[in-house]
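For reference, positions follow the sequence shown, starting with 1.
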Amino acid sequence: MTNPPLPRHVAIIMDGNGRWAKQHKIRIALGHRQGVETLRAIIRESSDLGIEALSLYAFSTENWRRSPDEVEALMGLLLEFFTSEIDELDQKNVCIRILGDKEGMPEKQREALYNAEARTGKNTGLKLNIALNYGGRAELVRAARILAEKAVRGEIRPDEIDEAALADALYTKGLPDVDLLIRTSGEMRLSNFLLFQCAYAEFEFPETLWPDFSLEDYHKALETFASRDRRFGGRKA
């Protein structure tokens with residue numbers, strides 16, 4: 001009996017930390033901390049299952065608008081995560097890639113991101129993509145500028161710019177498109193996440209808040225994906 005097909009690339013919008021904290025009558029920062037525990041478990045499971053790529057929406061360009069206390073807490077958790085987890089991730093052969101504008105991050109966090117990419121860059125296991133200071137539209141604008149600069153330098157003709165050329169100018173260069181996108185907490189929108197890469201993704205919107213999202217919930221989403229009839233715009237004969 002064959003195992004059900006797994007998605008090559010899973011993307012997750014980790015939503016609901018704030019609502020979880022409110023339900024438990026604790027500070028939002030503690031909701032985010034509990035969300036990190038879920039994050040650890042999902043990364044380990046994805047690696048153990050042999051999923052090729054896992055992309056996580058951790059901090060968007062719009063999240064800077066949140067309260068200074070919440071942003072400070074998120075930045076602190078980010079630094080703590082890379083400090084505490086980098087050894088295990090490296091040992092598990094995980095390759096970390098940051099999606100987004102690293103230069104716009106605070107100095108300590110920026111240094112941690114560059115170090116994580118440098119240390120794990122040659123690893124051949126799970127491709128762990130963490131979207132930080134990221135926006136899907138900004139990514140597309142950045143890609144357009146890269147291609148325009150190549151055209152000005154004569155490295156590419158305008159008529160040579162196709163989907164493949166655009167994909168190669170994105171943060172996710174060399175990775176497969178997203179097969180399965182999961183957004184927890186029941187919200188049903190992309191929120192400017194991987195707009196190009198999710199063109200033919202299957203979507204799952206579990207109502208579970210991210211801190212409560214269990215490995216069982218994850219496996220249910222993967223099982224649902226395996227049952228989908230993916231035609232990519234075609235039609236069954």
Side-chain angles (χ1 to χ4, degrees), residues 1-17 32-59 74 77-100 102 109 112-132 134 170-184 193-194 197-198 201-204 206 208-228 230:
M1 185 174 181
T2 59
N3 293 324
L6 285 170
R8 293 179 66 194
H9 188 169
V10 176
I12 303 179
I13 300 174
M14 305 177 291
D15 197 12
N17 291 342
H32 289 303
R33 180 170 292 279
Q34 188 62 37
V36 171
E37 295 304 314
T38 301
L39 171 62
R40 289 189 178 101
I42 295 300
I43 292 172
R44 291 190 187 109
E45 187 69 3
S46 299
S47 178
D48 291 344
L49 288 171
I51 288 171
E52 184 175 339
L54 175 66
S55 294
L56 303 166
Y57 206 6
F59 193 88
L74 285 166
L77 281 172
L78 172 65
L79 198 59
E80 182 180 319
F81 174 81
F82 280 103
T83 301
S84 64
E85 301 299 311
I86 189 64
D87 287 341
E88 180 181 343
L89 292 171
D90 192 25
Q91 289 167 7
K92 289 180 75 70
N93 201 28
V94 171
C95 178
I96 297 171
R97 183 186 301 191
I98 304 304
L99 315 182
K102 293 189 288 290
Q109 284 75 9
L113 301 181
Y114 278 116
N115 287 341
E117 287 186 316
R119 178 168 172 180
T120 66
K122 293 183 180 179
N123 289 347
T124 57
L126 173 70
K127 309 299 186 215
L128 176 60
N129 311 304
I130 304 178
L132 290 160
Y134 172 89
L170 298 175
Y171 291 120
T172 51
K173 176 181 179 178
L175 297 176
D177 283 345
V178 174
D179 295 305
L180 171 65
L181 179 129
I182 301 167
R183 179 172 186 151
T184 55
F193 186 46
L194 300 178
Q197 299 89 335
C198 283
E202 300 294 326
F203 288 8
E204 279 291 302
T208 308
L209 301 176
W210 177 248
D212 289 330
F213 189 73
S214 66
L215 293 183
E216 182 181 357
D217 294 323
Y218 190 34
H219 280 276
K220 283 180 181 178
L222 295 175
E223 289 166 8
T224 300
F225 168 83
S227 71
R228 298 276 178 88
R230 306 185 75 207

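At a threshold of 4.5 Å between non-hydrogen side-chain atoms, the residues V36 and F81 count as touching. M14 is listed as a side-chain neighbour of L39, based on a closest heavy-atom distance under 4.5 Å. With contacts defined as side-chain heavy-atom distances shorter than 4.5 Å, the pair F59/L78 does not qualify. Between F225 and L6 there is no side-chain heavy-atom pair separated by less than 4.5 Å. Looking at heavy atoms from C-beta onward, T208 lies out of side-chain contact with T184 at the 4.5 angstrom threshold. With a 4.5 Å cut-off on side-chain heavy atoms, L194 and Y134 count as touching. Annotation: side chain of R97 is not in contact with side chain of K127 (no heavy-atom distance under 4.5 Å).
Judged by distance alone, the side chain of D15 and the main-chain N or O of R183 form no donor-acceptor pair under 3.5 Å. The backbone N or O of A201 sits nowhere less than 3.5 Å from a side-chain atom of D179 that would complete a donor-acceptor pair. With hydrogens and angles disregarded, no donor-acceptor distance shorter than 3.5 Å links the side chain of S46 to the backbone of I51. Put simply, the side chain of W210 gets close to the backbone of G35: a donor and an acceptor are under 3.5 Å apart. A donor-acceptor distance shorter than 3.5 angstrom exists from the side chain of S227 to the backbone of T224, with no hydrogens or angles considered.
No salt bridge links R40 with E45; every basic N to acidic carboxylate O contact stays at or beyond 4.0 Å.
Here CG of L56 is found 6.0 Å from CD1 of I130. Values are rounded to the nearest 0.5 Å. Within the model, atoms OG of S84 and CG of L79 stand 9.5 Å from one another, a figure rounded to the nearest 0.5 Å. To the nearest 0.5 Å, atoms CD (E80) and CD (Q109) are separated by 11.5 Å. Atom NZ of K92 is separated from atom CG of L128 by 12.0 Å, given to the nearest 0.5 angstrom. Atom OG of S55 sits about 6.5 Å away from atom CG of L175, to the nearest 0.5 Å. Atom-to-atom distance recorded for E202:CD and L180:CG is 8.0 Å, nearest 0.5 angstrom.
The environment of CZ in R33 is sparse: at most 12 heavy-atom neighbours from other residues, nucleotides or ligands sit within 6.0 Å. Other residues, nucleotides and ligands contribute over 12 non-hydrogen atoms within 6.0 Å of the CD atom of E37.
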Quiz item: Is there a side chain to side chain donor-acceptor pair (under 3.5 Å) between N17 and H32 once you walk through the steps?
Solution: CA-CA 5 Å; N17 291 342; H32 289 303; 3.1 Å; yes

Exercise. Please step through salt bridge (charged side-chain N to carboxylate O under 4.0 Å, His left out) for the pair R44 and E88, ending with a clear verdict.
Key: CA-CA 10 Å; R44 291 190 187 109; E88 180 181 343; 2.7 Å; yes

Quiz item: So D212 and D217, side-chain contact (heavy atoms from CB on, under 4.5 Å) or not? Walk me through it.
Solution: CA-CA 9 Å; D212 289 330; D217 294 323; 5.9 Å; no

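Among T172, N129, D177, the single residue meeting the side-chain hydrogen bond (donor to acceptor under 3.5 Å, both in side chains) criterion with Q197 is T172.
No side-chain donor-acceptor contact under 3.5 Å links T120 and N123.
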